[in-house]
Each structure stands twice: as C-alpha cells, then as structure tokens.
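Working notes, beginning with the structure itself.
As a basis for the values below, the full set of heavy atoms in this structure was taken, side chains included, without hydrogen atoms, waters or symmetry mates.
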Amino acid sequence: MRPPAPDRDEPTGGVRALAEALGLAPASDALVEESRRAALAASAALWPAAAAVLLLAPLGLGALAGHGIVAALAWRSGPAALLALGCWAVAAHPRAAASPTHWRIATIAAGGSAIALLLALLTTTAATLPRALHPAAAVAGTAALIALALALQPLRAATVALVVTLALAAVALTGAAPYPAALALGTAAAVALAVVRATLVRQRALAGRRQRRDAERRDSRLVAEYEAHGAGWFWQSDRRGRLTYLSDKVARELRTLGIEPIGAALTDVFRVDSAWVETERTLSFHLSSRTSFTDYSVRPAAGGSGAERWWSISGRPARDELDRFQGFIGAGSDLTEQRRAEAEIKRLALFDALTGIANRQRMRLALEQTLAQAQAGGTHPTGLFLLDLDRFKAVNDTLGHQVGDELLKEVAQRLQRTIGDAGLVGRLGGDEFKVIVPNEGDRDRLGALAQRVIAALSLPYHIDRSTLSIGCSVGVAIAPADGAGQEELVRNADLALYAAKADGRGVHRFYREELLHGAQNRQRLEDDLRQALAAGEFRLAYQPVVSTADARIMGYEALVRWDHPQRGAVSPAEFIPVAEECGLIEAIGAWVLDTACAEAATWPDHVRVAVNVSPIQFANPRLPALVAGALAATGLAPHRLELEITEGVFLNEDASSEQMFRALKALGVRLALDDFGTGYSSLGYLRKAPFDKIKIDQSFVRGAIQPGNRNAAIIRAIVSLAETLGMETTAEGVEQQDEIVLIRGLGCSHIQGYVYGRPADAGTVRAQLDAAEGYAVPIGHKTSRAPRHRVLRSARLELAGERAEVRVRNISPAGAMVDGVDLPAAAIGYPVALELEDGLALTATIRWVDDEGRAGLQFDAAFDLEWLNQPVPRRAA
C-alpha cells in the first residue's frame with residue numbers, strides 16, 4: 001500500500017522546517033516562540049537608529065550637492081525612513097505584539113526589501129552628483145545600507161530577503177552585464193546559504209535547549225511531586241557542612257521543633273539513632289572525611305516530640321567539573337511509620353491482639369527462659385496451668401462472636417487479677433489460656449491457686465445487657481517432676497486438662513503417669529484403627545426395631561463392631577471418637593453404608609435398615625453421591641434406607657445443612673433424628689429439618705416406669721409433638737417387658753432395646769425374620785426392678801425368734817437376696833429381720849425361696865444404698 005501523498009497546499013516537511021527556522025512559519029513550541037520574540041526585540045532596538053541614518057545620510061549628501069538635488073534625494077530617502085519606522089512599529093509596538101511572530105517577521109522582511117530597493121534607486125540619483133561628491137555619496141549609501149543590515153540582522157528571513165533584493169537590484173542597475181550579474185547573484189547566494197546554515201545550526205541548538213528544558217522541567221516536577229507527596233526528600237550542604245537546601249516538608253517539621261535547618265550544620269539538625277545497628281559511624285566522620293554514607297537512621301537533634309520522628313538519610317560528596325569539593329548532596333526518607341509499624345509488629349508478636357495479655361509466642365519464650373533459669377540455678381520448680389473455658393462455644397453460637405470477644409477480655413482481666421504477681425498469664429488462642437508460676441512446686445498451693453482461678457472465672461459476667469455464666473477446667477503440671485523440657489511439660493499439662501474436662505469440667509487435675517499411658521494407648525488404638533478396615537476386622541451387628549402395635553420387626557439398626565486380633569472386642573464408644581478425630585470415620589462410615597445396604601437387600605421388602613451418619617460425614621458434600629452409589633450397587637429401595645443423624649450436625653448450622661437435607665430427601669431415603677433430647681434446641685431442628693422419625697434417647701426410657709418419675713410425661717410430650725409433625729417415634733433402650741406396655745401406652749410407634757434381643761450378625765437376623773413370620777418375641781425380666789448392688793456381706797437373719805448366719809449376695813433399695821439358709825416354701829410371706837454388721841437391722845418379708853439355700857427379701861422401708869459406702873467409724877457412730 002502506498003503512503004498518502006502530501007497535501008500540495010502544505011509545504012513538505014523540509015520546506016516547513018526551513019520556514020520555521022527562518023521565522024516564516026508558526027512556532028512549534030514555546031522556546032522557538034521565545035527566541036523569535038527576543039529577535040524582534042533586538043531588531044526593534046536598532047530600527048530607530050536605522051531610520052535616522054536612512055533619512056539623514058541622503059539629506060546630508062543633498063545639502064552638500066545643493067538645493068537642486070535635495071528634493072530628488074528626499075523623494076527617495078523619505079519613504080525609506082518611513083518604512084524603517086513602520087518596521088520598528090511592527091517589531092516593538094504593543095498592538096503589533098498581539099500578532100503572530102511569523103507574520104511580523106515576514107512583514108519586516110518585506111519592509112527591509114522595499115527599503116533596499118529605495119536605496120538602490122538612490123544610487124541612480126547619486127550618480128548625477130559632481131565627481132567630487134561621489135566619495136561622500138558612497139559613504140552615505142554604505143552607512144544607510146549598514147544601518148539597514150544591522151536592523152534586519154536579528155531576523156534571519158529579513159537578512160536573506162535583503163541580500164537577495166540587493167543582488168537583484170545590482171543586476172538591474174548594471175544592465176544585466178554577465179560578470180557583474182554573476183558576481184552579485186553568487187555573492188547573494190553564498191550569503192543566503194550561510195545565513196540559512198547558521199539558522200539551521202541555531203535551530204538545532206534550540207532543539208537541544210528544548211530537550212534540556214523539558215528534561216529539567218520533568219525532573220523538577222518529579223522532584224517536587226516526590227518531595228510533596230512521597231516519603232522521600234532531598235538535602236544539600238556547603239563545604240563547611242551547613243545546609244543550603246532541605247525539602248520544605250522536613251524543614252517545616254524541624255521548625256516546629258525549634259530547629260532552623262537552613263544555614264545550620266547538618267550535625268546540629270540531625271543526630272544519629274545509636275540504637276540502630278547500621279549507623280556504625282557518626283555523621284561528623286563522613287562530613288570531615290568527605291566520604292559517602294547510606295541509610296543512616298537519624299532523629300531530630302532537639303528532644304520533645306521529635307523523639308517520635310525517624311528518618312533515613314544518605315549523602316555523597318559533590319564536586320565540580322574541576323573535581324573541586326563543593327559540599328554534600330543527598331536524599332532521605334521518612335522512617336516514622338516504619339518504626340511504629342515495627343514496634344506494633346513486635347507488640348503483636350508477643351501480645352494477644354484481643355486481650356492485651358501475652359500470646360502463645362511470648363508464653364513459649366517465657367517458659368523456655370524460666371525452665372532454663374531453673375535448671376541453671378538448681379532444683380527450682382515451675383508450675384504450669386493450662387486452662388480451657390467451659391460452655392464458651394455456646395456463648396459464641398447464641399450471642400455472636402462480638403459478645404464472645406468481650407467475654408474473653410473480661411476473662412483475661414479476671415485471670416490476671418487472680419494470678420497477680422504469682423505468675424505470667426497468656427492466651428494461646430480461642431478460649432485457651434496458660435499460666436506460668438515460677439518457683440512454685442507445692443501441689444497444695446498450686447491446687448489452691450487453681451481453685452481460686454476456677455471460682456473467679458465461674459462468677460457471672462454482665463456483657464451487653466446479658467448475664468453470662470461459664471466455667472473453667474485447669475490442667476496442672478510441675479517441672480521438673482512432670483517434664484524438664486517445655487514440650488514435655490506442656491504435653492503433660494494438656495493431658496491433665498483433658499482429664500479435668502473428662503471428669504465433669506469445672507475442676508483442676510494434676511498430671512499423673514497413667515494419663516500419659518492412656519494417651520499412648522489412644523495413639524496405639526489410632527494406629528491399629530488405620531489398619532483395621534483393610535484387614536477386615538470390622539463387622540456389623542443388627543438390633544431390631546419393633547412395631548409397638550403388633551410386635552412385628554420393621555427394621556434393624558446397623559451397628560459397627562471391631563474385633564481386634566489382640567485386644568479382642570473394642571467398644572464403639574472407645575474407637576468411634578478416635579476415628580472421628582483422626583479422619584477415619586468417613587472411610588468406616590462408607591464401608592458400613594455399603595455393607596448394610598448389601599445385606600438389607602436380602603431381607604423382606606418391608607424391613608428397613610438404619611445407618612448412623614456422623615457430623616463429619618454429614619458435612620461432606622459427597623455424602624448424597626455415596627448414598628446414591630450404595631443404593632445403586634446393592635439394588636436396595638431408597639425408602640428402605642434410614643439415615644440416623646445426631647443433633648451434632650446442627651452445631652455449625654448454615655445453608656449447606658439445608659442443602660444437604662434436600663439432597664438426601666431427593667434420593668428418597670428416610671431421615672431419623674437420633675438421641676433426641678440430649679442436644680441443644682431440638683425443637684428448632686424439627687422445625688427446619690425434614691425428619692421422618694424421632695428416636696427418643698434411652699435416658700428418658702430408663703426409669704420411666706417407676707412411680708413419680710417424670711420421664712413418662714416427657715416421652716408423651718415428644719410423641720405428641722412427633723404425631724403433630726407427621727413423624728414416627730422410636731423409644732431406645734427398652735429392656736424390661738413391662739416397659740413395652742408403658743411405651744405402647746405413651747403412643748410410641750416403635751421400640752428398640754434388649755427386650756427384643758441384643759445386636760446380632762446378619763445370619764441371625766435372617767433366621768429371626770424367618771422365625772415366627774417376622775414377629776419379635778420379648779425376652780428378659782417381665783417386670784422392672786430397682787437397680788441392684790452386688791455385694792458379698794455377712795449378716796444375721798432372724799425368723800420367729802431364731803437367728804441364722806447368712807450371706808447377702810445383692811441388695812437394692814427394695815430388697816435383697818441372701819443365701820446360706822434352708823427355708824421351706826411355707827416361709828414365704830413371713831416377716832423377718834436382716835441384721836447387717838455394725839448393728840443395722842432391716843425389717844423385711846420373705847418373697848421367695850429355692851432349693852439352693854437362697855431367699856428373696858422385700859424391705860418394709862426403702863434402704864439407702866449410700867449407707868454401704870460410708871466409712872465404718874461413721875456407721876458405728
């Protein structure tokens with residue numbers, strides 16, 4: 001593609017550049033315009049003298065020649081002088097200054113050419129003068145021409161126009177003779193070329209000046225911007241080290257401190273911050289030795305508020321082109337915010353941001369130092385408390401984290417007041433705190449201090465118009481007995497804290513050797529658990545769920561069992577929490593789900609299988625896919641699978657929980673809320689979650705049949721609520737046959753418990769379903785009995801005035817079983833007296849006897865079993 005042709009009405013780039021250089025085209029920038037104005041001003045200063053010469057020189061010549069020639073000369077010189085005055089006006093008059101400079105230069109060039117033509121015409125008049133006046137005429141003409149040339153010389157275009165005009169006039173006056181014409185034109189061309197070349201050189205010089213000016217302006221703007229808005233600044237000193245320049249913002253700050261920097265010695269304005277390691281030499285050293293320095297931390301030489309200001313300065317010697325020392329130049333930057341940030345970072349690194357007490361890092365360093373000093377000084381014990389707040393999570397969940405944060409602040413204050421000067425208090429994070437008690441190893445004093453801490457932290461808190469009550473558990477370890485190193489001591493204190501929480505919370509516990517053994521056993525259990533699934537050590541046991549209406553088996557709950565090759569049967573209560581903590585519960589849960597669905601697929605179509613889902617499994621977004629995969633692989637109908645979910649899944653209730661419920665229900669499976677009544681806000685869960693069944697915890701079933709027990713009323717309320725919501729109910733933990741009648745009367749739809757058999761393997765389940773057409777047969781005691789206390793105690797039995805030595809085998813508040821006496825069946829119903837050791841006698845009635853020398857007694861009044869645990873001296877009293 002060809003480039004577009006230039007516009008013919010516009011000069012080409014070279015012609016335009018030459019025209020601009022001669023001043024005949026608009027200026028390209030301010031520097032060229034400034035140069036043109038300067039040239040016009042110089043020309044304007046010469047035009048009055050030129051006008052006078054142009055007028056007076058011909059008139060003086062005319063005066064010498066006589067009156068006859070004066071008029072002719074005046075006729076030629078008068079217009080030339082007037083044109084000279086006009087050029088002066090164009091160059092200097094204020095009104096003309098408003099016109100573009102290139103038009104003014106062109107006008108003056110034209111005027112100068114016209115004056116040159118008039119001077120050429122004057123030569124024809126001067127030729128008529130007498131020969132004696134020819135030298136005078138030559139002098140006058142030369143003077144006029146020189147005056148005109150001097151006036152036009154600042155303007156390159158006017159000078160070229162003058163030379164060309166004179167050459168043409170010479171050709172015209174000589175009659176176009178070859179030699180004179182060639183000489184005139186050649187001379188004019190040479191002069192014109194010289195002028196043009198000088199003009200171009202000047203133009204290039206102007207371009208260089210323009211570049212330097214732009215660079216200087218840019219540098220000045222950048223420096224000004226950097227000084228005004230950046231963190232940096234600049235300074236300069238003379239040969240004596242006195243400041244000659246300082247950025248304004250720093251100078252203002254120093255003046256507010258009473259320091260006038262300009263003219264003062266640099267060392268009188270700034271002093272080196274000796275606390276900073278990189279300032280190894282003083283400023284005076286570098287100023288006197290004339291050596292460079294870099295990043296010296298300095299502060300104002302004056303005190304007061306200036307102590308809170310820091311700068312970093314650098315400097316180097318400045319020398320001129322002859323390598324003569326002129327002083328120092330340098331730069332600086334503000335370090336104040338950096339130093340404050342470093343101080344804040346240091347504070348945050350060692351102090352808790354929320355409570356202001358020591359944080360984990362500082363407590364670690366303090367404990368290391370304390371233990372090191374104790375070891376160096378001999379046997380100086382150190383007590384270590386680890387504290388964990390009880391019921392703090394409930395505050396966060398119910399009242400929000402803002403209230404929780406305020407509570408933690410008050411806890412820290414109380415803890416510091418309670419410990420006082422006895423030790424160092426710190427927060428490890430969350431609701432965990434640590435206390436280091438140096439030089440204290442007495443268990444009684446440490447125990448008393450721990451009890452004071454628990455009592456102080458358990459008092460009510462008043463926050464945001466709410467009264468809060470929490471507790472505290474404390475684990476205590478003592479160095480060096482419980483560990484000479486930090487890690488060992490903290491580990492043992494943590495084990496003691498774990499024991500305190502396991503013992504009901506709100507107590508303190510000291511480290512014991514068996515706690516470590518228990519933790520190690522737990523670790524071994526975790527290691528074995530990781531191999532158990534691959535080794536096939538798990539199996540499923542199924543406990544029947546029976547309809548209360550007709551005792552028909554409606555389903556089974558799948559319960560995982562672990563047969564350890566060395567330990568034997570390991571209780572789920574022991575290994576399930578370990579599996580949840582170490583991340584194995586999902587793999588075990590998936591195996592239980594697949595296995596239960598596969599075995600349930602062989603059962604009758606009306607029999608369901610229930611599988612427990614842990615909160616960790618429920619939080620996994622892949623759970624619906626796992627359930628769908630198990631159903632598809634086994635062919636089990638979705639409505640025959642029941643997922644039992646505990647209230648633990650609601651502790652972190654959010655939108656994902658609702659989404660999980662919808663996804664599971666979309667599969668067609670049933671959902672059951674397990675252990676109902678043992679968690680938090682259960683009624684809220686029923687309102688939100690789409691459960692099909694509520695399983696009433698066995699803690700409500702146990703003892704419900706006893707007179708005066710309120711559990712029956714609670715069960716009736718739960719059943720009524722479930723019926724209103726269209727849900728089934730299952731009572732767990734039913735063990736006695738008379739409890740079946742109670743549960744049926746309270747309206748529960750299903751029963752689960754030992755009364756219909758203990759959990760059995762899959763083969764037993766199939767046999768149970770085949771027998772009695774799938775109906776369950778109750779087993780166990782027909783009536784509920786009060787709990788018995790197994791003892792082996794000597795006693796005396798008195799019957800009809802006769803006494804016999806017997807042994808008490810078991811005892812309950814309602815009666816006892818004795819052996820060692822042969823009683824006839826006729827003795828049933830007779831009153832007796834059972835005299836225990838230490839003189840305690842209980843009146844009773846014989847209720848049964850057998851051929852093995854045993855008899856059952858029913859007490860006339862309830863017996864307090866706590867009496868058996870009292871010390872002997874107290875009972876004797």
Point-to-point distance, once rounded to the nearest 0.5 Å, from CG of L389 to CZ of R391: 10.0 Å

Check ion pair E557-K695 (N to O, under 4.0 angstrom): yes

More than 12 heavy atoms from other groups under 6.0 Å of CD on E574: yes

How many angstroms lie between atom CG of L515 and atom OH of Y498, to the nearest 0.5 angstrom? 11.0 Å

Identify, with sequence neighbours excluded, every residue that meets salt bridge (charged side-chain N to carboxylate O under 4.0 Å, His left out) alongside R509. D503

What do you reckon, are the aromatic ring centroids of F618 and F661 less than 6.0 Å apart? yes

With respect to D527, which candidate in R524, Q523, Q531, R530 satisfies the side-chain hydrogen bond (donor to acceptor under 3.5 Å, both in side chains) definition? Q523

Any side-chain to backbone donor/acceptor pair from R491 onto D494? Under 3.5 Å, distance only. no

Atom of I470, atom of D390 and distance for their closest heavy-atom approach: CB-O, 3.3 Å

Looking at R445 and E440, does any basic side-chain N land under 4.0 Å from a carboxylate oxygen? yes

Identified side-chain contact (heavy atoms from CB on, under 4.5 Å) counterpart of I696 within the set V719, T730, L673, D674: V719

Donor-acceptor pair, side chain of Q373 and main chain of T370, under 3.5 angstrom: no

Heavy-atom check, side chain of I576 versus side chain of I585, under 4.5 Å: yes

Cation-pi check, R443 to F510: give yes when NZ or CZ is under 6.0 Å from the six-membered ring centre and within 45° of the ring axis, no otherwise. yes

What is the minimum heavy-atom distance between A541 and P759, and which atoms define it? CB-CB, 3.7 Å

Using a 3.5 Å distance criterion without hydrogens, assess whether the side chain of D464 forms a donor-acceptor pair with backbone atoms of S466. no

How far apart are the C-alpha atoms of F433 and L457, what are their side-chain angles, what is the distance that settles it, and do they pass the side-chain contact (heavy atoms from CB on, under 4.5 Å) test? CA-CA 12 Å; F433 294 83; L457 300 188; over 6 Å; no

Would you check if I718 and F676 make a side-chain contact, meaning some heavy-atom pair closer than 4.5 Å? yes

Could you check whether any side-chain N or O of E739 sits under 3.5 Å from a backbone N or O of E735, counting only pairs where one atom can act as donor and the other as acceptor? yes

Are V474 and V476 packed together at the side-chain level, in the sense that at least one heavy-atom pair is separated by less than 4.5 angstrom? yes

With heavy-atom distances below 4.5 Å as the criterion, would you say the side chains of K693 and M727 are in contact? no

Audit row: E581, R522, salt bridge (charged side-chain N to carboxylate O under 4.0 Å, His left out) steps and yes/no: CA-CA 11 Å; E581 290 182 7; R522 186 182 182 88; 2.9 Å; yes

Donor-acceptor check, side chain of N492 to backbone of A477, threshold 3.5 angstrom: yes or no? no

For residues N359 and F351, determine if any side-chain heavy atom of one lies less than 4.5 Å from a side-chain heavy atom of the other. no

Sidechain-backbone polar pair: T398 side chain, A394 backbone, donor-acceptor under 3.5 Å: yes

Can you establish whether the number of heavy atoms outside R567 located under 6.0 Å from its atom CZ is more than 12? yes

I need the D431 CG to N396 CG distance, nearest 0.5 Å. 8.5 Å

Would you say L354 and L408 make side-chain contact, with heavy atoms under 4.5 Å? yes

Taking the six-membered ring of Y461 as reference, does the NZ or CZ atom of R414 fall below 6.0 Å from its centre and within a 45° cone about the axis? yes

Close side-chain approach of Q543 to L559, heavy-atom, < 4.5 Å: yes

Using a strict cut-off of less than 4.0 Å between a Lys/Arg side-chain nitrogen and an Asp/Glu carboxylate oxygen, indicate whether R364 and E487 qualify as a salt bridge. no

Side chain Q617, main chain S614, donor-acceptor under 3.5 Å: yes

Residues in side-chain contact (heavy atoms from CB on, under 4.5 Å) with K501, at least two apart? D388, S473, L497, R505

Flag the pair V490 / K434 as yes when at least one side-chain heavy-atom distance between them is below 4.5 Å, and no otherwise. yes

Decide yes or no on side chain to side chain donor-acceptor pair (under 3.5 Å) for D697 and S699, but give the supporting numbers first. CA-CA 5 Å; D697 189 71; S699 61; 2.7 Å; yes

Do side-chain atoms of R362 reach the backbone of L350 as a donor and acceptor pair under 3.5 angstrom? no

